[in-house]
Amino acid sequence: MKRVLHYMRKYWYLYFFGSIALLSSIVLDLFTPMITGTIIDDVIEGGNISIFKGLITGLIGITLGRAVLGYIKEIMFDFAGSNIICGLRQDLFDHIQSLSLGFFDRKNTGELMSRIKDDADRVWEGISFGLMLFIEIIIYFVIATIFMFRISAKLSLLAFITLPFIAYMAILLEKKIGATYEKISEQNATLNTTAQENIAGIRLVKAFARERHEIKKFLAHNEGYYKLNMEQARIWSRFFPSIEMLTNILPILVIVFGGSMVIGEDLTVGTLVKFTGYMNMVIWPMRSFGFLSNLMAEAKASAKKIDKIFVEEPEIKNANKPAKLDKPKGKVEFNNVSLELDGKKVLDDISFKILPSKTLAIMGATGSGKTSIINLLERFYDTTDGEILIDNERINDIELTNLRENISVVMQDVFLFSDTIKENISFGYGDLLANDVIINSAQSAKADDFIEHMEEGYDTVIGERGIGLSGGQKQRISIARALAKECKIIIFDDSTSALDMKTEHKIQKEIDKKDDITKIIVAHRISAVKNADEIIILEDGKIVERGNHDSLIKMKGRYYDTLKEQYEGYAV
Ligand SMILES: Nc1ncnc2c1ncn2[C@@H]1O[C@H](COP(=O)(O)OP(=O)(O)OP(=O)(O)O)[C@@H](O)[C@H]1O
């Protein structure tokens with residue numbers, strides 16, 4: 001909530017002018033019972049017709065004035081709320097972007113989407129409409145009460161007899177709704193995750209004919225969501241009628257006791273009408289207490305959830321005075337590097353050196369730690385032991401953005417955005433990349449041919465996961481994207497697995513031509529690694545064999561066995 005207050009301070013002037021409009025509107029409204037009372041006492045009973053026109057004009061003026069002020073009030077509070085939530089949502093998104101991969105390992109997409117969208121919306125309702133209602137209620141309540149007491153203290157005390165009960169109920173309601181809403185918000189995140197995962201993985205669901213299973217899973221979460229909402233509705237329906245009843249007692253008390261005061265000539269009819277008018281100004285704030293409590297409880301619970309993300313710190317941080325790679329040469333060194341994730345040793349004492357423009361290939365069974373080496377070089381995680389250097393500079397001392405800007409990677413898991421092919425290749429560097437670079441990269445990645453055959457060529461829009469493209473086509477766009485970045489260090493993480501040998505070979509030849517860049521190739525196929533200057537074989541996070549193609553064959557170890565398996569029946 002503190003964070004929200006910080007944003008609110010920035011737009012204090014909107015709240016200020018909104019509150020002035022609100023106050024002025026209330027002040028105008030306070031004249032209504034006065035005028036009505038005067039019409040009854042002086043015009044109807046007293047027969048003073050001459051003032052009638054003026055009083056009616058006054059009533060019309062109040063109505064028009066309140067409409068204008070009401071507009072100003074609404075627009076100011078809405079404007080403030082929208083600006084604040086836009087800023088808060090943007091900062092939340094920026095903050096999420098700044099967090100390290102470890103955070104994303106722990107959170108799921110649906111939950112984060114709920115925080116950015118639904119929870120931010122709840123806070124928005126609280127700080128715009130909710131806050132306006134709160135200020136309005138307080139001002140109406142205080143001013144109208146003063147007026148009521150000025151008319152008749154006795155009648156006022158009687159009218160307020162139910163007030164402590166209403167206040168007690170509103171507080172209780174806020175607490176109960178707050179607790180339930182926290183659960184609703186959690187369940188909303190789960191529901192979002194289930195829907196998001198199902199839609200993203202719809203091909204898999206259909207391929208395994210698991211629609212019914214998925215529907216059941218969604219139904220279970222949806223039912224949970226429904227039950228929590230029903231629980232909230234039950235709390236609301238338990239409290240709201242009681243608050244209504246208590247506020248409805250007020251007019252009865254006033255009519256009975258006020259009426260007897262009029263009969264006893266302690267009060268005129270006009271004054272009683274005036275008093276009733278002010279009392280109505282107190283009744284609606286009392287009635288709104290419950291609704292407001294509900295609104296604020298939800299906003300508070302959502303703000304708490306958003307805050308939990310804001311307090312997350314990126315685990316991977318810049319050094320105090322980070323260095324920058326200026327015209328990097330591309331030398332990469334791992335010195336006795338180890339990595340532990342979730343208490344499990346993923347890499348153990350890894351050392352290698354790649355000189356500028358040389359190629360290192362990494363092989364090994366699945367789960368042996370190949371991608372982890374890349375994750376460390378990109379500083380997605382920090383080493384548990386040892387150090388990694390680029391151009392003799394410790395990567396922990398290099399500015400994070402600068403480090404990642406200087407390494408290009410073709411990820412194992414291809415991800416394409418729902419955008420044009422051109423945008424997917426240039427990926428954020430659009431204005432900085434010449435068209436030639438994009439086309440050349442696509443040519444080197446052997447993607448140019450199929451792109452040119454598309455009706456809109458490079459301007460063809462593709463789906464979120466490259467719907468409409470084959471696995472190999474997606475991989476080639478992903479390779480083109482990495483090449484277009486034109487870095488001194490390029491990593492290919494199992495990036496040709498979906499390609500046929502012929503295309504893979506063609507791409508390799510293109511990549512080999514780029515003899516001024518350092519390459520790290522992770523692959524399972526001998527054909528993809530055999531030209532590397534050094535090949536390392538990993539097993540359970542350790543290097544168990546190293547050398548070049550020829551020396552590894554001579555060694556007749558794991559590499560040789562793999563070669564035999566892959567080329568069985570062919571002359572090697
Ligand atoms: N974020 C993580 N948290 C915990 N353990 C992890 C994490 N990422 C990877 N691991 C574990 O680290 C080990 C190495 O994973 P890694 O992805 O580096 O293997 P790999 O050799 O690239 O496998 P593949 O060839 O299947 O891609 C695996 O046992 C994996 O379960």
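Keep in mind that this is a model prediction, so the values were computed, not measured. Remember, it's 1-based here, ligands and their atoms both numbered in the order they're listed.
The shortest N or O to N or O distance between Gly367 and ligand 1 is below 3.5 Å. Annotation: Lys344 places an N or O atom under 3.5 Å from an N or O atom of ligand 1; distance criterion only.
Near Ser372, the atoms of ligand 1 lying under 4.0 angstrom from a non-hydrogen atom of the residue are 14 (C), 15 (O), 16 (P), 18 (O). Taking a cut-off of under 4.0 Å to the non-hydrogen atoms of Gln412, the atoms of ligand 1 that pass are 24 (P), 27 (O). Heavy-atom proximity to Gly369, at under 4.0 Å, picks out these atoms of ligand 1: 14 (C), 18 (O), 19 (O), 20 (P), 21 (O). In the vicinity of His524, heavy-atom distances shorter than 4.0 Å reach the ligand 1 atoms 25 (O). Listed by number with element, the atoms of ligand 1 under 4.0 Å from a non-hydrogen atom of Ser368 are 19 (O), 21 (O). Taking every non-hydrogen atom of Tyr381 and a distance limit under 4.0 Å, the qualifying atoms of ligand 1 come out as 1 (N).
The single protein non-hydrogen atom nearest to atom 17 (O) of ligand 1 is Thr371 CB, 3.6 Å, given as residue, atom name and distance. The protein heavy-atom contact nearest to atom 9 (C) of ligand 1 is Leu341 CD1, 4.2 Å. Protein heavy atom closest to atom 25 (O) of ligand 1, with residue, atom name and distance, is Lys370 NZ, 2.8 Å.
A cation-pi arrangement is absent between Lys10 and Tyr7 under the rule of less than 6.0 angstrom and at most 45 degrees off the ring axis.
Residue Glu186 forms a salt bridge (Lys or Arg N to Asp or Glu O under 4.0 Å) with just one option from Lys308, Lys305, Lys304, and that option is Lys305.
Glu312 and Arg106 are joined by a salt bridge, as a carboxylate oxygen and a charged side-chain nitrogen come within less than 4.0 angstrom of each other.
Ile177 is listed as a side-chain neighbour of Gln232, based on a closest heavy-atom distance under 4.5 Å. In this structure, Asp533 and Asn548 have side chains that are not in contact, with every pair of non-hydrogen atoms separated by 4.5 Å or more.
Between Leu389 and Arg394, the shortest heavy-atom distance links the atoms CD2-N, 4.1 Å. Glu182 approaches Ala301 most closely through the heavy-atom pair CG-CB, 3.7 Å. Minimum heavy-atom separation, His549 to Tyr559: ND1-OH, 2.6 Å.
Looking at Thr366 against ligand 1, both its backbone and its side chain come within 4.0 Å, counting heavy atoms. In Asp105, the part holding a heavy atom less than 4.0 Å from any atom of ligand 1 is the side chain.
In the model, Ser302 has a side-chain atom that pairs as donor or acceptor with a side-chain atom of Asp119 under 3.5 Å.
At least one heavy atom of Ala365 sits under 4.0 Å from some atom of ligand 1.
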